[in-house]
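Below, each value reflects all heavy atoms present in this structure, side chains not excepted, and no hydrogens, waters or symmetry copies. Numbers for residues simply follow the sequence, beginning at 1.
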Amino acid sequence: MAFSTGLLILLFVIFALFIGAFVRHILKGTQVPYTVALLLLGIAIGLLQRGELFDAYAPEFGHSLALVAEIDSHLFLYLFLPTLIFESAFAMEVHLFRRMFTQIAILAVPGLMLAIWLTAELIFAIVPDGWGWSWAICLMFGALISATDPVAVVALLKEVSSRKRLETLIEGESLLNDGTAIVFFSLFFAWVTAMYSGDAAAGLSSPLHVTLEFLQVVLVGLIIGVIVGGLCIMWIEHVFNDPMIEISLTIAAAYSVFFIAENFHVSGVVAVVTLAIMFASIGRTRISPEVAGFLHHFWEMMAHMANTLIFLLVGILVAIRVPLNDVQAWQMLLFLYVGILLIRAVSITVFMPALTRLGIGINFPKAAVLCWGGLRGAVSLALALAVVASDVIPKEIGDRVLFLCAGIVVLTILVNGSTMGTLLKLLGLNSLPPAKQATVDKAQAKISNELHDMLPVMMTNPFLQGADWETVKQKSKLQTLDELESDANITDDELNTAYKRRLLETERKHYWTQFEQGMLSKQATSKLVEAVEAALDGEPTISPRTRIYTVWQTPKWLRPLRQYTWLNKLLLKFYFNKLALGYDIARGFMHAQEALQSHIQALAPSQMAADAVKKAVNDNKSRTLERMNELHDSFPEIIQSLQTQAATRLLLNRERAVINAQLKQAVLDKPEAQRLLCSVEDKMASLQNESIFKSTQEQQFTNDIPWAKNLPLETREKLSSYVEHSVYEAEHLICSANNPLNKIGIISRGSVKEQWLMVTEEGKKHTCTSKGPGESIALMTLLTGTSKTECVSETPCDVMWLPCDKLKQLMQQDSQLTQVVCKLMQDYSV
């Protein structure tokens with residue numbers, strides 16, 4: 001049976017996935033990295049194909065291997081890079097990436113540029129004269145071989161690394177330096193092809209031109225990622241719990257930004273990294289909570305399949321396409337392998353002073369891992385294939401470039417990759433830090449003690465009474481807290497720091513749980529997670545939480561905007577939304593602090609540490625409760641709307657869970673359950689878009705100004721149209737004494753302290769009074785045009801302002817209004 005080209009490629013994909021499943025299965029419980037095993041297997045298969053074994057016994061499979069061995073370099077990049085880069089960046093902890101960005105950027109840009117130059121110098125010095133390698137070819141090869149490949153490095157770190165910060169540093173560098181390497185490769189490749197095409201003026205551009213072109217390539221790639229990411233996130237925000245749409249959008253976005261960027265000759269890698277980080281940060285709360293977990297698992301599966309295909313393919317390509325009978329090339333390969341390891345060490349050492357002071361810092365063990373973990377992989381090979389595919393560059397040069405590149409890829413993956421676990425062990429980086437391990441041991445002890453508490457109940461079970469309970473204890477390896485080993489070398493400060501970090505990480509997870517359960521809004525979740533991550537920076541802080549307190553306050557830059565009347569409605573909406581968000585944050589923070597209390601004692605390294613954290617948590621709760629009470633007293637209708645929404649969300653979430661449970665138990669058939677679930681989710685989507693502000697200005701006016709209730713309807717409507725709302729935080733100066741003012745105020749919500757200086761026969765006397773809803777402030781401005789009092793908000797409050805000039809005009813038209821205002825001024829204290 002003769003297979004078409006498409007079927008032959010499909011045959012290889014099926015074979016690769018079967019091989020991947022087999023390799024993963026037999027490697028369970030071993031220390032051999034999955035990618036290393038696949039690479040070796042790929043080389044073995046390629047050598048068999050080179051010996052024409054498959055042509056004799058499995059010709060269709062041999063044709064399939066021959067076809068994939070001729071894969072186009074652009075297809076290689078376009079097919080695999082978007083998936084692998086997006087998954088790696090999407091899975092990164094964005095908070096750590098932001099903190100370490102300066103370190104990552106130093107390694108990925110100036111660090112890589114130094115490595116390119118040193119590699120070119122090394123090759124120029126050791127290359128045999130008969131090869132005819134010019135300085136341009138040396139620079140081109142230095143660019144394609146210097147980038148640490150995200151495919152190899154990320155896959156390896158997920159196998160052996162146990163340090164999140166170190167993993168993020170190497171992952172981040174490998175992601176960004178791909179973009180740098182591809183940019184410089186493109187420049188040097190154009191120089192080489194121009195030389196061989198007979199362009200006498202060919203040469204490298206000026207340093208300024210190269211710098212500007214590099215910045216353009218990176219910045220435009222970043223802009224493309226931001227634009228596409230922003231559009232997709234806005235689209236996903238209007239989708240409610242539809243994994244087919246949300247996952248399809250992430251796939252389409254990842255590949256489209258790469259295609260668009262490369263089409264505009266800018267960095268596709270930077271575009272994909274930017275897109276993925278946007279999805280992992282601001283996009284995380286836009287993706288439906290029900291879809292988020294599935295989305296991460298989907299991309300993990302995509303990356304696993306891509307890794308399986310790419311490492312097997314790399315092994316086959318190396319074995320089939322690389323010339324193996326060139327002795328000089330083998331000597332060059334060995335010199336070059338040792339050289340690039342030394343160059344990697346030099347490029348990191350040069351920038352160590354900056355790396356140790358920026359971001360989270362770096363020490364010698366981590367620097368050693370960075371040096372040894374500088375593997376090369378798919379990107380380098382794809383760039384080498386581009387050289388081979390060139391019609392301008394001589395074939396013997398292309399073959400030697402491919403040989404050296406493939407040899408470095410194989411050696412770094414086999415030697416460095418297979419020994420990375422040993423290096424981590426020698427440096428003491430193959431396990432958690434002792435202080436952090438102590439908190440894990442505490443948690444493990446808590447679990448063991450709870451299991452011990454279950455044993456007496458289990459022993460009384462009539463269906464379990466015959467069990468050998470000593471064997472049960474032995475096989476389950478139950479430990480009590482006293483049985484756990486402790487490290488005497490850990491200081492109290494280290495234990496306390498690890499303890500607080502563990503609690504803060506638990507708190508962060510609790511916010512995501514609240515979000516998934518519908519208890520927290522998207523904005524509130526983002527703010528609370530940001531606040532926890534700020535508390536984790538440097539020395540972990542349980543209290544005070546200044547990032548949360550800042551959200552409760554009105555930004556200072558907004559205060560001057562109150563003078564612009566045409567902005568009043570917009571500002572009012574902003575203030576009310578901010579108050580609603582503040583209450584939502586306070587409620588979520590309070591829930592998290594209460595949940596935290598159940599872990600304080602169990603994880604504490606000492607009673608003193610537990611008492612200190614209990615006090616900090618109680619301080620958080622008391623301050624938050626005070627804020628919630630302020631808002632409840634000042635804006636009860638807003639709080640009621642928020643609580644109504646939260647209760648409805650919880651009820652609908654519970655209804656959905658019950659329907660799913662009945663579906664699993666076959667109480668409901670799938671079509672019936674699907675109809676019920678659609679009905680519930682329609683309600684949830686409607687609730688998500690519902691505004692909490694429904695009252696009209698007329699209703700607010702009628703309810704909030706008692707003296708206007710008996711006025712004629714026409715007068716009330718005109719007064720209502722004059723009203724300007726302003727919302728103030730507690731302790732905010734509303735107006736100062738003896739300052740020009742052309743409006744009177746009526747308190748709608750909250751309370752205001754009004755104070756003034758009164759001159760009596762005995763002398764000057766300072767007087768103040770508190771005023772609440774329905775009462776007037778600064779009323780004398782109607783006569784004097786100047787505020788005679790100083791007004792300060794005691795609680796968050798909403799003040800309705802009536803312009804004096806418009807009020808006077810209306811008083812001339814309505815005598816009843818004149819009488820009401822005169823009576824009001826007569827009763828006014830000032």
Side-chain angles (χ1 to χ4, degrees), residues 3 8-71 73 76 79-80 84 149 151-153 155-156 159-160 304-327 329-330 333-334 337 375-382 384-385 388 399 402-422:
F3 286 178
L8 288 173
I9 293 173
L10 179 61
L11 178 63
F12 173 76
V13 172
I14 294 169
F15 168 76
L17 293 179
F18 268 119
I19 288 293
F22 174 73
V23 169
R24 193 172 185 87
H25 180 73
I26 63 173
L27 290 181
K28 286 283 186 182
T30 71
Q31 296 297 315
V32 180
Y34 174 68
T35 50
V36 172
L38 274 180
L39 183 69
L40 287 172
L41 195 56
I43 292 173
I45 293 169
L47 290 174
L48 291 176
Q49 170 66 11
R50 193 163 185 161
E52 300 182 351
L53 183 69
F54 293 118
D55 290 340
Y57 297 100
E60 299 299 343
F61 184 65
H63 294 159
S64 174
L65 292 179
L67 185 64
V68 298
E70 297 299 322
I71 187 171
S73 60
F76 199 86
L79 185 61
F80 295 114
L84 291 164
D149 192 278
V151 178
V153 176
L156 182 65
E159 296 279 343
V160 300
H304 168 72
M305 292 171 65
N307 272 320
T308 301
L309 288 167
I310 203 168
F311 280 101
L312 200 61
L313 188 57
V314 165
I316 293 169
L317 283 171
V318 167
I320 291 178
R321 298 187 64 169
V322 168
L324 302 175
N325 56 355
D326 189 337
V327 177
W330 283 101
L333 175 61
L334 294 176
Y337 171 67
L375 283 71
R376 274 63 168 176
V379 171
S380 297
L381 194 63
L385 289 173
V388 174
D399 287 344
L402 181 61
F403 173 84
L404 293 177
C405 176
I408 294 298
V409 169
V410 172
L411 285 174
T412 53
I413 292 177
L414 290 184
V415 178
N416 300 48
S418 60
T419 56
M420 179 60 79
T422 305

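- Of the inter-residue distances, the one linking Ile14 atom CD1 with Ile19 atom CD1 reads 13.0 Å to the nearest 0.5 angstrom.
- Between the CZ atom of Phe12 and the CD1 atom of Ile316 there is a distance of 4.0 Å, given to the nearest 0.5 Å.
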Taking only distance into account, with no hydrogens and no angle test, what donor-acceptor pairs under 3.5 Å do side-chain atoms of residues 405-412 form with protein atoms, sequence neighbours excluded?
unit_1, atom_1, unit_2, atom_2, d
Thr412, OG1, Arg376, N, 3.2
Thr412, OG1, Ile408, O, 2.8
Thr412, OG1, Val409, O, 3.1

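- Closest of all the heavy-atom pairs between Ile320 and Gly46 is CG1-O, 3.6 Å.
- The CZ atom of Arg50 sits 12.0 Å away from the CD1 atom of Ile43 when rounded to the nearest 0.5 Å.
- In this structure, Ile310 and Leu79 have side chains that are not in contact, with every pair of non-hydrogen atoms separated by 4.5 Å or more.
- In this structure, the separation between CZ on Phe80 and CG on Leu313 is 5.5 Å, given to the nearest 0.5 Å.
- His63 pairs by the ring-ring contact (aromatic ring centres under 6.0 Å, His included) definition with nothing, not counting sequence neighbours.
- Rounding to the nearest 0.5 Å places CG of Leu65 at 10.5 Å from CG of Leu317.
- Taken to the nearest 0.5 Å, the CG atom of Leu38 stands 5.5 Å off from the OG1 atom of Thr308.
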- Task: Determine, step by step, whether Ile45 and Phe15 satisfy the side chain to side chain contact (heavy atoms under 4.5 Å, CB included) criterion, reporting the C-alpha distance in whole Å, the side-chain angles of both residues, the deciding distance to 0.1 Å, and the verdict.
- Result: CA-CA 12 Å; Ile45 293 169; Phe15 168 76; 3.6 Å; yes
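- Across Leu404 and Ala329, no two heavy atoms sit closer than the pair CD2-O, 3.8 Å.
- Here Ser64 pairs with nothing under the side chain to side chain donor-acceptor pair (under 3.5 Å) rule; sequence neighbours left out.
- Side-chain contact check for Ile26 versus Phe22: some heavy-atom pair is nearer than 4.5 Å.
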